[in-house]
K.L.:
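Can you keep this structure in mind? I'll have questions shortly.
Chain A is the first sequence line, chain B the second, and so forth, proteins listed ahead of strands; every chain is numbered from 1.
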Amino acid sequence: MAIAKTIDTKFSHNNIEAKWRSMWEKNHTYKISDESKKERWYELTMYPYPSGDLHVGHWFAMTGADIHARYKRMNGYNVLHPMGFDAFGLNAENAAIQRGIHPHKWTMDNISRMKKQLDTLGPMYDWDRQVITCLPEYYKWNQWFFLQFLKNDLAYKGFAPVNWCPSCVTVLANEQVIDGICERCDTEVTHKDMDQWFLRITKYADELLDQESIDWPDRIKTMQTNWIGRSEGVEFEFDISHCNLEETKLKTFTTRIDTAFGVTFVVMAPEHPLASSITSKSELESVQNYISKSRQSTEIERLATDREKTGVFTGSYCINQLTGEQIPIFIGDYVLASYGTGVVMGVPAHDQRDFEFAKKYDLEIRVVIAEENYDQTEISEAYIGPGIQINSGNFDGLSNMQGKIEIANHIEKEKFGNKKVNYKMRDWLISRQRYWGTPIPIIYCNDCGAVPVPEEDLPVILPEDAEFLPTGESPLALHEEFVNVKCPDCNKPSKRETDTMDTFVDSSWYFLRYTSPKFSESAFDPSTAKLWNPVDQYTGGVEHAVMHLLYSRFFVKAIRDLGLIDYDEPFDRLFNQGTIIYKGHKMSKSRGNVIAPDEYVEAVGADVVRTYLMFIGPWEQGGEWNDSGINGAVRWLNKVWDLVHSNTSLLPNEISEDLVNQNNRIKNQTIKKVTEDIDKFKYNTGIASLMEFTNQLIELNSSKKITSDQLRDTIETLLLLISPIAPHISEELWEYIGNEFSVHQSEWPRYDETLIDDPTVTFIVQVNGRVRDKITLASDISENEAKNVALESPKIKPHISGKSLNRVIFVPGKLINLVVS
RNA sequence: GCCGAAGUGGCGGAACGGUAGACGCGCCGGUCUCAAAAACCGGUGGGGUUAAACCCGUGUGAGUUCGAAUCUCACCUUCGGCACCA
């Protein structure tokens with residue numbers, strides 16, 4: 001795509017940028033030392049997937065993080081701001097299938113291209129710290145963590161109905177299915193029953209709910225809380241001992257045990273293991289038809305909430321142990337197998353879904369919680385509010401809140417069930433039936449079962465010479481040499497696990513690896529990890545709210561319990577930058593609306609692109625790329641360039657004290673504003689005030705209201721303030737004014753609060769709240785004096801003449817409001 | 001359906017109880033030029049006026065307040081998240 005016509009920079013941006021990048025490289029300007037005595041700051045931004053080309057969205061994310069990291073560094077911190085690549089993933093494998101390029105080559109080629117592109121941005125990365133997750137030196141530790149998890153009952157293999165993406169040809173974790181659609185390829189997800197590896201994230205459900213100690217956006221915290229979905233209730237058992245099954249009890253889960261006397265039916269999920277066996281002979285055919293039909297329906301169909309509730313009677317009954325009543329058992333697909341016990345007690349009077357089901361199948365609707373003024377007539381919808389227990393045996397007359405407690409206690413005492421906490425979140429399914437990922441270090445032996453690969457045999461290397469067929473068959477499963485091994489325990493011929501790990505395993509601990517990327521004795525050097533972690537400031541997109549961000553929190557808690565680290569949360573602060581859109585849409589290759597930064601960098605330079613991106617709008621919000629908007633950034637940096645290069649020999653040597661103070665005021669105000677804005681990631685307004693500052697200096701220069709010494713000093717401040725945003729040109733100009741290399745190793749300017757306040761100020765004079773005049777007054781003027789001045793104002797007089805002054809509102813240094821009538 | 005965020009010039013946005021529209025883009029007029037671009041100067045919410053004054057204006061409607069884009073309530077729209085979780 002050809003870039004829009006831009007105006008030209010007045011400086012040769014390409015030379016300047018190349019010059020300083022090589023200077024920084026040569027001087028190790030951004031090399032990070034673990035030994036520094038300075039306070040440490042870990043500024044992390046989410047590492048990219050090496051998809052091929054860096055687009056403007058990457059630049060947007062990375063520039064914002066780089067600015068903040070540079071700012072922290074100038075404020076005296078030893079800053080770790082590393083970069084790496086999330087290098088395993090399906091795109092690489094699909095490229096192999098479609099174009100015959102090996103995933104390793106595809107990935108590494110992309111990485112080297114993206115690194116070059118990233119370097120043109122002028123970031124303060126120390127590439128010695130880079131992490132590339134597809135290399136054995138990294139994924140070995142995925143395997144090692146897996147083995148530790150296995151030992152500590154945090155990893156297990158389980159047979160379960162799982163999400164299957166027919167396009168990616170693999171299973172997916174629940175977090176990776178969004179509204180029934182595969183998160184990465186937008187294909188409708190189906191179900192399969194498979195034996196898969198899980199990580200026991202649910203063990204940490206309650207701890208993950210505790211977000212007290214982390215400074216994260218509420219939005220993300222809420223999303224995680226909703227995802228975990230804790231609910232307290234009772235597992236209530238119905239007696240089925242008369243059914244001649246192994247099980248004698250049918251377990252249901254409810255949060256409304258107060259309604260247990262209103263149960264008029266029970267519904268089982270179609271996938272429930274007893275669904276067929278509990279069915280009577282006469283109903284078997286219709287039940288099996290129903291089950292197979294519902295199994296064929298897609299996730300999307302099943303999730304539609306406005307769908308009519310359907311079900312089928314099993315011909316069997318269970319006993320409500322509280323009442324001794326016979327309760328009909330149904331199969332219905334509005335009940336989810338994966339939540340609770342997969343069986344629901346139907347209380348149509350107090351649950352809308354059950355109500356609809358009862359209406360459809362003509363089942364009794366028995367009110368057991370009476371709302372205020374309940375008149376015993378038939379109800380037209382379920383009543384879910386509070387009320388008084390009725391038709392509830394000994395519990396009649398209690399409030400349902402009390403009923404909830406006492407019925408639960410009664411059930412526990414009589415051993416009809418137990419109080420129980422349930423979570424919506426499931427364990428993390430990490431098996432993937434694909435090649436380009438970390439091999440799961442397990443060997444299956446006929447005699448010994450699933451045997452972990454001994455730690456000393458790690459890493460289990462992903463074989464290079466795999467065949468990539470478009471059949472969906474995992475290349476590893478076809479790789480004889482890889483598959484056929486000896487059992488580590490008994491030495492008999494055995495088979496390797498051919499599934500690989502979810503790539504979210506890689507990103508769950510990469511922030512630890514950055515602290516010692518070459519350490520070979522373990523996943524990370526405990527001493528340097530302790531030095532840098534947890535991450536002080538993490539930035540990235542909001543799309544990882546319940547995937548990467550949740551998994552990482554789990555990982556940290558899990559390895560803390562293994563004794564490897566001693567803190568609870570990976571990321572102390574989190575900030576989500578927004579998205580850059582173009583032509584009204586998020587940029588994507590398929591839509592053909594991708595802005596490649598390279599051409600703009602060539603045309604106007606990285607500093608301009610950085611500045612423009614940060615100026616578009618609040619970093620938090622993102623915004624629309626506007627082809628002509630970039631001219632504003634060019635003009636500004638041109639002005640800065642001209643200002644610094646302007647001839648100052650004609651400036652006066654002395655000016656009035658008032659002018660000196662005023663010039664100082666502008667400078668100190670700007671330092672304060674820019675400091676506060678960068679601190680809060682409000683780059684757009686920070687840049688705006690720098691533009692204003694530049695305009696003011698140009699004006700002072702041309703009107704000779706500044707001495708050359710003061711101008712030089714002020715320009716120095718300007719360059720320091722610009723340097724995190726436009727690192728190259730500020731370095732060039734820093735050198736030009738005769739300062740020592742490097743502006744990036746200089747201290748952030750301080751402001752003097754006492755120099756900021758203006759001795760005179762424009763007072764707003766209002767009459768009845770409407771602005772009628774503006775008068776310049778001493779900022780510390782008293783109410784009385786201000787009132788007298790205001791009353792004398794020719795602009796005010798007509799508005800108050802003939803009226804009586806009832807009240808005066810006075811805001812010191814700002815405003816006076818005369819209330820008249 | 002539930003929860004959350006947001007609605008401000010032609011556009012991106014600023015202000016977040018006290019001058020609405022900072023800063024920038026674009027546009028209009030001027031200077032320079034043979035001409036254009038760039039640069040520079042001026043203008044740029046609507047009405048009104050020779051010019052002022054003045055009136056209207058931050059999604060809609062009410063309210064609180066001396067004063068509301070900002071706080072409260074209701075509604076509309078947009079965007080996110082959740083959504084048969086028992």
Side-chain angles (χ1 to χ4, degrees), chain A residues 5 7-8 10 178-179 217-220 222-223 225-227 229-231 233-234 236 252-257 259 267 269 302-307 309 332-336 338-347 350-354 356-357 422-425 542-543 545-546 579 611-612 615-618 620-621 623-636 638-639 642 673 682 684-695 698 702 762-774 795 798-799 806-811 813-821:
Chain A
K5 174 95 184 96
I7 55 178
D8 295 328
K10 291 192 170 184
I178 313 225
D179 294 333
D218 286 338
R219 179 168 59 143
I220 304 282
T222 306
M223 281 163 80
T225 302
N226 290 342
W227 184 259
R230 182 182 206 270
S231 59
V234 171
F236 180 35
T252 64
F253 175 76
T254 180
T255 55
R256 291 295 306 275
I257 198 62
T259 65
V267 191
R302 288 224 23 202
L303 285 174
T305 51
D306 49 2
R307 203 168 52 118
K309 310 270 170 291
D333 68 1
Y334 78 96
V335 176
L336 305 177
S338 57
Y339 185 76
T341 60
V343 188
V344 162
M345 61 180 215
V347 187
H350 304 292
D351 182 287
Q352 189 57 29
R353 296 155 300 184
D354 296 345
E356 286 164 29
F357 192 82
N422 248 312
Y423 301 92
K424 207 187 85 171
M425 179 175 67
V542 74
E543 65 275 14
V546 292
T579 314
T611 302
Y612 173 60
F615 187 65
I616 286 179
E620 194 170 7
Q621 271 175 39
E624 169 118 24
W625 174 278
N626 179 325
D627 287 319
S628 61
I630 200 160
N631 286 332
V634 176
R635 284 196 190 110
W636 175 48
N638 277 346
K639 283 187 196 177
D642 282 347
K673 173 77 177 146
K682 292 168 80 178
N684 59 328
T685 50
I687 291 169
S689 68
L690 283 168
M691 289 173 168
E692 217 171 337
F693 188 38
T694 308
N695 292 339
I698 289 167
S702 67
T762 305
F763 259 80
I764 305 305
V765 184
Q766 296 181 333
V767 177
N768 289 345
R770 314 194 62 137
V771 179
R772 299 297 180 184
D773 199 6
K774 297 162 192 180
K795 286 191 180 163
H799 293 285
N806 299 336
R807 214 177 138 185
V808 176
I809 311 281
F810 180 71
V811 182
K814 261 189 182 163
L815 165 142
I816 184 157
N817 185 11
L818 309 169
V819 184
V820 299
S821 63

K.L.:
Please determine, for B:rC40, whether a Watson-Crick or G-U wobble partner exists with both distances under 3.5 Å, and give it or none.
P.N.:
B:rG30

K.L.:
Please give the nucleotide sitting opposite B:rU58 as a Watson-Crick or G-U wobble pair, both distances under 3.5 Å, or none.
P.N.:
none

K.L.:
Nearest-Å distance, CG (A:L815) to C1' (B:rG67)?
P.N.:
8 Å

K.L.:
Looking at A:K424, does any N or O in its side chain come under 4.0 Å of the phosphate oxygens OP1/OP2 on B:rA83?
P.N.:
yes

K.L.:
Which value, in whole Å, describes the distance between the C1' atoms of nucleotides B:rC11 and B:rG45?
P.N.:
13 Å

K.L.:
Rounded to whole angstrom units, what separation is found between the CG atom of A:N817 and the C1' atom of B:rG17?
P.N.:
13 Å

K.L.:
Contact class for A:N638 vs. all strands (heavy atom < 4.0 Å): base, sugar-phosphate, or nothing?
P.N.:
nothing

K.L.:
Heavy-atom nearest nucleotide on RNA chain B for A:M691 versus A:T254: which residue maps closer to 5'?
P.N.:
A:M691

K.L.:
Which base, if any, makes a Watson-Crick or G-U wobble pair with B:rA53, both distances under 3.5 Å?
P.N.:
none

K.L.:
Just by modelled atom types, is the A:G769 backbone N or O under 3.5 Å from a matching donor or acceptor in the A:N817 side chain?
P.N.:
yes

K.L.:
If you only use heavy atoms from C-beta on, which nucleotide in B:rG26, B:rG18, B:rC23 is closest to the side chain of A:Q766?
P.N.:
B:rG18

K.L.:
Would you say B:rA14 has OP1 or OP2 under 4.0 Å from some side-chain N or O of A:N684?
P.N.:
yes

K.L.:
For nucleotides B:rU64 and B:rG80, find the distance between their C1' atoms and express it as a whole number of Å.
P.N.:
31 Å

K.L.:
If you apply the rule salt bridge (Lys or Arg N to Asp or Glu O under 4.0 Å), what do you find for A:R256 with A:D351, and how did you get there?
P.N.:
CA-CA 9 Å; A:R256 291 295 306 275; A:D351 182 287; over 6 Å; no

K.L.:
Any idea which of B:rA15, B:rC23, B:rG18 is nearest the A:F615 side chain?
P.N.:
B:rC23

K.L.:
What contact category does A:P618 fall into here, base, sugar-phosphate, or nothing, at under 4.0 angstrom with non-hydrogen atoms?
P.N.:
sugar-phosphate

K.L.:
In the structure shown, which nucleotide is the Watson-Crick or G-U wobble counterpart of B:rU19, with both distances under 3.5 Å?
P.N.:
none

K.L.:
Relative to the ring of A:F763, is the ring of A:F810 parallel (under 30°), tilted (30 to 60°) or perpendicular (over 60°)?
P.N.:
parallel

K.L.:
Below the 4.0 Å mark, does B:rA86 have OP1 or OP2 next to a side-chain nitrogen or oxygen of A:R256?
P.N.:
no

K.L.:
Do any N or O atoms from the side chain of A:N631 and from the backbone of A:I7 form a donor-acceptor pair under 3.5 angstrom?
P.N.:
yes

K.L.:
Considering only B:rG13, B:rC84, B:rC25, which nucleotide approaches the side chain of A:Q621 most closely?
P.N.:
B:rG13

K.L.:
Would you indicate which nucleotide in B:rA38, B:rC84, B:rG12 comes nearest to any side-chain atom of A:I7?
P.N.:
B:rA38

K.L.:
So which nucleotide from B:rA86, B:rA15, B:rG26 ends up closest to the side chain of A:D351?
P.N.:
B:rA86

K.L.:
Taking only the P atom of each, what is the distance from B:rU33 to B:rC28 in whole angstrom?
P.N.:
22 Å

K.L.:
Side chains of A:F236 and A:V343: does their closest heavy-atom pair fall under 4.5 Å?
P.N.:
no

K.L.:
What integer number of Å spans the C1' atoms of B:rG13 and B:rA69?
P.N.:
14 Å

K.L.:
Considering every strand and a 4.0 Å limit on heavy-atom distances, what is the contact class for A:V335: base, sugar-phosphate, or nothing?
P.N.:
base

K.L.:
Report which part of the nucleic acid A:H350 touches: base, sugar-phosphate, or nothing (heavy-atom distance under 4.0 Å, all strands).
P.N.:
nothing

K.L.:
Counting Watson-Crick and G-U wobble pairs only, both distances under 3.5 Å, name the nucleotide matched with B:rG9, or none.
P.N.:
none

K.L.:
How long is the line joining CE of A:M223 and C1' of B:rC3, in whole Å?
P.N.:
12 Å

K.L.:
Report yes if some heavy atom in the side chain of A:I220 is under 4.5 Å from a heavy atom in the side chain of A:V542; otherwise report no.
P.N.:
yes

K.L.:
Quickly work out the A:I816 CD1 to B:rG67 P distance and round it to whole Å.
P.N.:
16 Å

K.L.:
Taking 4.0 Å as the cut-off, does a side-chain nitrogen or oxygen of A:R219 come that near to OP1 or OP2 on B:rA5?
P.N.:
no

K.L.:
Is a side-chain donor or acceptor of A:Y612 paired with a backbone partner of A:N626 at a separation under 3.5 angstrom?
P.N.:
yes

K.L.:
Could you please name the option among B:rA39, B:rA86, B:rG18 that lies closest to any side-chain atom of A:L336?
P.N.:
B:rA86

K.L.:
By nearest nucleotide on RNA chain B, pick out whichever of A:N422 and A:T685 is the more 5' one.
P.N.:
A:T685

K.L.:
Any side-chain heavy atom of A:N768 sitting closer than 4.5 Å to one from A:V819?
P.N.:
yes

K.L.:
Which whole-number value in Å describes the distance from A:N631 CG to B:rA37 C1'?
P.N.:
12 Å

K.L.:
Rounded to whole Å, please give me the gap between CD1 in A:I698 and P in B:rA39.
P.N.:
12 Å

K.L.:
Quantified in whole Å, what is the P atom distance between nucleotide B:rU70 and nucleotide B:rU65?
P.N.:
16 Å

K.L.:
Is the phosphate of B:rG24, meaning OP1 or OP2, less than 4.0 Å from a side-chain N or O of A:N695?
P.N.:
yes

K.L.:
What's the gap between B:rG57 and B:rG48 when it is taken at their C1' atoms, as a whole Å value?
P.N.:
14 Å

K.L.:
Looking at every strand, decide which applies to A:I616 at a 4.0 Å heavy-atom threshold: base, sugar-phosphate, or nothing.
P.N.:
sugar-phosphate

K.L.:
Less than 4.5 Å apart, side chain to side chain, heavy atoms only: is that true for A:F253 and A:T255?
P.N.:
yes

K.L.:
Between atom CD in A:E543 and atom P in B:rC79, what is the gap in whole Å?
P.N.:
19 Å

K.L.:
Would you say A:T222 reaches B:rC3's phosphate, i.e. side-chain N/O to OP1/OP2 under 4.0 Å?
P.N.:
no

K.L.:
The side chain of A:K639 lies closest to which of these nucleotides: B:rA39, B:rG12, B:rC40?
P.N.:
B:rC40

K.L.:
Taking the minimum atom-to-atom distance to the side chain of A:R772, which one of B:rC25, B:rC55, B:rA86 wins?
P.N.:
B:rC55

K.L.:
Going by a 90° cut-off around 0, is B:rG42 syn or anti?
P.N.:
anti

K.L.:
Look at the side chain of A:I809 and decide which nucleotide, out of B:rU19, B:rC66, B:rA86, has an atom nearest to it.
P.N.:
B:rC66

K.L.:
Could you tell me whether the phosphate oxygens of B:rA20, OP1 or OP2, come under 4.0 Å of any side-chain nitrogen or oxygen in A:R770?
P.N.:
no

K.L.:
Can any side-chain N or O of A:N638 pair as donor or acceptor with the backbone N or O of A:D8 at less than 3.5 Å?
P.N.:
yes

K.L.:
Give one of base, sugar-phosphate or nothing for A:V771, where a contact means two heavy atoms less than 4.0 Å apart.
P.N.:
sugar-phosphate

K.L.:
If you measure from the C1' atom in B:rU8 to the same atom in B:rU58, how many Å do you get, rounded?
P.N.:
4 Å

K.L.:
Paired with B:rG80 by Watson-Crick or G-U wobble geometry, both distances under 3.5 Å: which nucleotide is it?
P.N.:
B:rC3

K.L.:
If you measure from the P atom in B:rU72 to the same atom in B:rC23, how many Å do you get, rounded?
P.N.:
30 Å

K.L.:
Rounding to a whole Å, what distance do you find between A:Y334:OH and B:rA86:C1'?
P.N.:
8 Å

